[in-house]
Enquirer: 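Before I ask anything, let me first share the structure, which is written out below as structure tokens.
Index from 1, following the sequence.
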Amino acid sequence: MSELPLDQVLQGDCIEVLSSLPAESVDLIFADPPYNLQLQKELLRPNQTRVDRVDDKWDQFEGYAAYDAFTRAWLTACRRVLKPNGTLWAIGTYHNIHRVGAVLQDLDFWTLNEITWIKANPMPNFRGMRFANAHETLLWVQKKRGVKYRFNHHTMKALNGGKQMRSDWLLPICTGKERLKVNGEKAHSTQKPESLLFRVITSSSDPGHVVLDPFFGSGTTGAVAKRLHRRWLGIEQRPEYVELARKRIEAVVPDEYDQEIYMTHEPRRLPRLAFGRLVEMGHLPPGTELYYQKAQDKKATVRADGTLQLGAEQGTIHSLAKQLMDGPANGWLCWYYMDPTSGELEKIDLLREQVRNELYQIEE
């Protein structure tokens with residue numbers, strides 16, 4: 001296959017289909033493989049009603065050896081189609097995630113994070129023989145250790161109320177209107193909530209990136225990817241799931257906002273611009289006075305070498321800010337200059353942004 005068949009659900013065995021796709025063509029992979037639960041007894045609630053558990057044929061293997069061989073095969077196939085800077089997410093429970101993790105390491109994937117999805121509304125342990133299983137584990141790995149990969153840190157921080165997002169995610173399981181049903185029964189036994197895929201896709205891809213799911217199931221990955229203006233590709237073996245996913249995704253109508261709405265502002269991706277550039281380009285010439293947090297009594301003078309003079313102290317915008325703050329400080333956000341146009345004190349960071357846009361022709 002010469003080109004990637006984008007925005008489609010491909011029916012077939014994931015290992016065979018993956019082998020037909022062009023190499024290094026996918027930015028992000030989310031995999032929700034069979035869990036190999038190996039449940040042996042019917043599960044009943046205290047009132048003797050039957051629990052709708054995962055007992056599908058596709059989740060059953062002869063033993064650990066067969067499951068490990070299957071895992072190695074599909075992960076090897078995924079590795080081939082993943083771009084050098086691409087990342088992969090795999091989700092599972094204690095039944096399988098440790099075995100998946102071992103194979104990932106054997107295949108030279110490098111682990112970036114282990115995420116614990118804490119279920120806000122988990123199913124209780126009806127027999128009362130052990131703790132209720134209230135979480136699942138996601139492994140986030142990169143194809144090649146040390147290669148720069150996509151991580152939208154500031155987006156995750158914004159979604160988390162301005163605080164750095166942690167590796168424990170409290171999210172509800174898929175219930176209510178979101179749960180797909182056929183004739184009143186669950187359409188898919190392990191349907192994942194869209195909120196979970198929202199975090200996965202938003203954190204590690206950008207609009208236009210290709211997101212692949214080799215175990216597409218009910219199509220949650222494709223539905224969320226489409227809403228977030230990503231390209232997507234799903235592989236699913238069961239024809240009833242293929243039809244279910246296609247109908248579900250066809251019903252998704254992306255809004256008409258420009259893709260910029262879905263982009264994230266990540267300062268670390270911007271070209272570096274030293275404070276000295278502002279000095280030598282004449283934007284903050286030697287002798288310019290800068291004000292720490294707009295305080296008139298904390299003025300520093302710009303020197304010709306790009307440092308600041310504050311009384312008897314000389315240092316960078318960062319070192320002097322750190323000294324004044326008595327702790328870590330970002331000088332770009334602490335020092336203000338008098339804007340000759342407005343006559344107001346403005347952050348030097350705003351000036352840096354303007355100059356950087358001019359130099360590198362960065363679109364607003």
Enquirer: Taking Asn85 for its side chain and Val147 for its backbone only, find out whether a donor-acceptor pair lies under 3.5 Å.
Expert: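 Answer holds: no.
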Enquirer: Does Tyr67 reach the side chain of His95, with side-chain heavy atoms less than 4.5 Å apart?
Expert: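 No, every pair of side-chain atoms sits at 4.5 Å or beyond.
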Enquirer: If you measure only the distance, is there a donor-acceptor pair under 3.5 Å linking the side chains of Trp232 and Thr221?
Expert: no
Enquirer: Measuring from Thr202:OG1 to Arg230:CZ, what's the distance to the nearest 0.5 Å?
Expert: 5.5 Å
Enquirer: Within 45° of the ring axis of Tyr64 and under 6.0 Å from its six-membered ring centre, is that where the NZ or CZ of Arg99 lies?
Expert: yes
Enquirer: Closest approach of Trp74 and Leu18, non-hydrogen atoms and distance?
Expert: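 Scanning both residues completely, I find the closest heavy atoms to be O-CD1, 4.1 Å.
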Enquirer: Taking NZ in Lys144 as the centre, count heavy atoms belonging to other residues, nucleotides or ligands within less than 6.0 Å. Is the count above 12?
Expert: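 12 or below, so no.
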Enquirer: Tell me whether the count of non-hydrogen atoms from other residues, nucleotides or ligands lying under 6.0 Å of CZ in Arg166 goes above 12.
Expert: no
Enquirer: Is there a path of hydrophobic side-chain contacts, each under 4.5 Å between heavy atoms, that joins Leu310 and Leu290?
Expert: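 Same cluster.
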Enquirer: Provide the closest heavy-atom pair for Lys347 versus Tyr337 in the form atom of the first, atom of the second, distance.
Expert: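 Between these two residues, the closest heavy atoms are O-CE2, 3.7 Å.
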Enquirer: Donor-acceptor check, side chain of Arg80 to backbone of Ser19, threshold 3.5 angstrom: yes or no?
Expert: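 Checking the backbone N and O of Ser19 against the side chain of Arg80, a donor-acceptor pair under 3.5 Å is found.
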Enquirer: Kindly write out the residues that satisfy ring pair (Phe, Tyr, Trp, His ring centres under 6.0 Å) with Phe198, not counting sequence neighbours, or none if the list is empty.
Expert: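 Testing Phe198 for ring pair (Phe, Tyr, Trp, His ring centres under 6.0 Å), a comparison that skips the adjacent residues, returns none.
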Enquirer: So does Gly162 get a backbone contact from the side chain of Asn160, meaning a donor-acceptor N/O pair under 3.5 Å?
Expert: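 Not at all, since once roles are kept as given, no pair shorter than 3.5 Å links the two residues.
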Enquirer: With distance as the sole test, does Glu178 use its side chain to make a donor-acceptor pair with the main-chain N or O of Glu194 at under 3.5 Å?
Expert: yes
Enquirer: Going by heavy atoms in the side chains, are Asp305 and Gln314 under 4.5 Å from each other?
Expert: yes
Enquirer: Heavy atoms, side chains only, cut-off 4.5 Å: are Thr87 and Leu28 in contact?
Expert: yes
Enquirer: Are Leu273 and Leu333 connected, step by step, through hydrophobic side chains (Ile, Leu, Val, Met, Phe, Trp, Tyr) whose heavy atoms are closer than 4.5 Å?
Expert: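 In one cluster with Leu273: Leu333, no.
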Enquirer: Tell me the closest heavy-atom pair linking Ile173 and Pro193, and the distance in Å.
Expert: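 Of all heavy-atom pairs spanning Ile173 and Pro193, the closest is C-CB, 4.3 Å.
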Enquirer: Verify, without hydrogens or angle tests, whether Gln142 (side chain) and Tyr149 (backbone) share a donor-acceptor contact under 3.5 angstrom.
Expert: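 Flag not set: sc Gln142 to bb Tyr149 has no pair under 3.5 Å.
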Enquirer: Could you go step by step and tell me if Leu345 and Met338 meet the side-chain contact (heavy atoms from CB on, under 4.5 Å) rule?
Expert: CA-CA 5 Å; Leu345 290 176; Met338 184 66 71; 3.8 Å; yes
Enquirer: Show, in sequence, the C-alpha distance, side-chain angles and deciding distance for Leu233 and Val211, and conclude whether the side-chain contact (heavy atoms from CB on, under 4.5 Å) test is met.
Expert: CA-CA 6 Å; Leu233 177 61; Val211 182; over 6 Å; no
Enquirer: Give me the atom names and distance for the closest heavy-atom approach of Met156 to Met165.
Expert: O-CE, 3.5 Å
Enquirer: Ile201, Leu171: one ILVMFWY side-chain cluster at the under-4.5 Å cut-off?
Expert: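 Per the 4.5 Å side-chain linkage, Ile201 and Leu171 are co-clustered.
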Enquirer: Answer yes or no: is there a side-chain heavy-atom contact under 4.5 Å between His153 and Gln164?
Expert: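 Answer yes - side chains close enough.
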Enquirer: Using only atom types and a distance under 3.5 Å, with no angle test, would you say the side chain of Lys143 pairs donor to acceptor with the backbone of Leu82?
Expert: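 Yes.
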Enquirer: Please report the C-alpha distance between Lys192 and Cys174 in whole Å, then the side-chain angles of each, then the deciding distance to 0.1 Å, and finally whether the side-chain contact (heavy atoms from CB on, under 4.5 Å) criterion is met.
Expert: CA-CA 6 Å; Lys192 295 299 180 290; Cys174 186; over 6 Å; no
Enquirer: Just wondering, more than 12 heavy atoms not from Gln296 lying within 6.0 Å of its CD?
Expert: yes
Enquirer: Is the distance between the ring centroids of Trp140 and Trp89 less than 6.0 Å?
Expert: yes
Enquirer: Give the table of side-chain donor-acceptor pairs shorter than 3.5 Å for residues 102-113, with sequence neighbours excluded, one pair per line with atom names and distance.
Expert:
from   : atom 1 : to    : atom 2 : distance (Å)
Asp106 : OD2    : Arg72 : NH2    : 3.2

Enquirer: Could I get the full list of side-chain hydrogen bond (donor to acceptor under 3.5 Å, both in side chains) partners for Tyr336, not counting sequence neighbours?
Expert: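 Here no residue qualifies.
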Enquirer: Please answer whether the main-chain N or O of Val200 pairs with a side-chain N or O of Ser203 as donor and acceptor at a distance below 3.5 Å.
Expert: yes
Enquirer: How many angstroms lie between CD in Gln8 and CD1 in Ile249, if you round to the nearest 0.5 Å?
Expert: 11.0 Å
Enquirer: Quick check: do Phe30 and Ser205 have side-chain heavy atoms less than 4.5 Å from each other?
Expert: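 Not in contact.
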Enquirer: So which atom in Trp117 and which in Pro172 form the shortest heavy-atom distance, rounded to 0.1 Å?
Expert: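 Heavy-atom minimum between the residues: CZ2-O, 3.8 Å.
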Enquirer: What are the two closest non-hydrogen atoms of Cys14 and Ile235, and how far apart are they?
Expert: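 Between these two residues, the closest heavy atoms are CA-CG2, 3.6 Å.
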Enquirer: Would you say that Ile29 contacts Pro214 through its side chain, given a criterion of any heavy-atom pair below 4.5 Å between the two side chains?
Expert: yes
Enquirer: A side-chain contact here means heavy atoms from C-beta on lying under 4.5 Å apart; do Leu21 and Pro5 qualify?
Expert: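 Side-chain contact under 4.5 Å: yes.
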Enquirer: Quick check: does any side chain N or O of Asp7 sit under 3.5 Å from a backbone N or O of Arg231, one acting as donor and the other as acceptor?
Expert: no
Enquirer: Between Trp335 and Phe275, does the ring centroid distance fall short of 6.0 Å?
Expert: no
Enquirer: Under 3.5 Å, which donor-acceptor pairs do the side chains of residues 276-284 form with other protein atoms, sequence neighbours left out?
Expert:
from   : atom 1 : to     : atom 2 : distance (Å)
Arg277 : NE     : Glu280 : OE2    : 3.0

Enquirer: Would you say Ile348 and Val302 are hydrophobically clustered, going by side-chain heavy atoms of ILVMFWY under 4.5 Å?
Expert: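 Yes, one cluster joins them.
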Enquirer: Return all side-chain donor-acceptor pairs below 3.5 angstrom for residues 318-327, not counting sequence neighbours, or 'none' if the list is empty.
Expert:
from   : atom 1 : to     : atom 2 : distance (Å)
His318 : ND1    : Gly331 : N      : 2.9
Ser319 : OG     : Thr316 : N      : 2.8
Ser319 : OG     : Thr316 : O      : 3.3
Ser319 : OG     : Thr316 : OG1    : 3.2

Enquirer: Evaluate the criterion side-chain contact (heavy atoms from CB on, under 4.5 Å) for residue pair Lys298 and Gln293; output intermediate values, then yes/no.
Expert: CA-CA 8 Å; Lys298 294 180 180 179; Gln293 303 289 28; over 6 Å; no
Enquirer: State, with a plain yes or no, whether a side-chain heavy atom of Ile91 is found less than 4.5 Å away from one of Leu196.
Expert: yes
Enquirer: For the OG1 atom of Thr190 and the OH atom of Tyr35, what is their distance to the nearest 0.5 Å?
Expert: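 One finds 6.0 Å between OG1 of Thr190 and OH of Tyr35.
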Enquirer: Excluding sequence neighbours, so at least two apart, what forms side-chain hydrogen bond (donor to acceptor under 3.5 Å, both in side chains) with Ser218?
Expert: Arg248
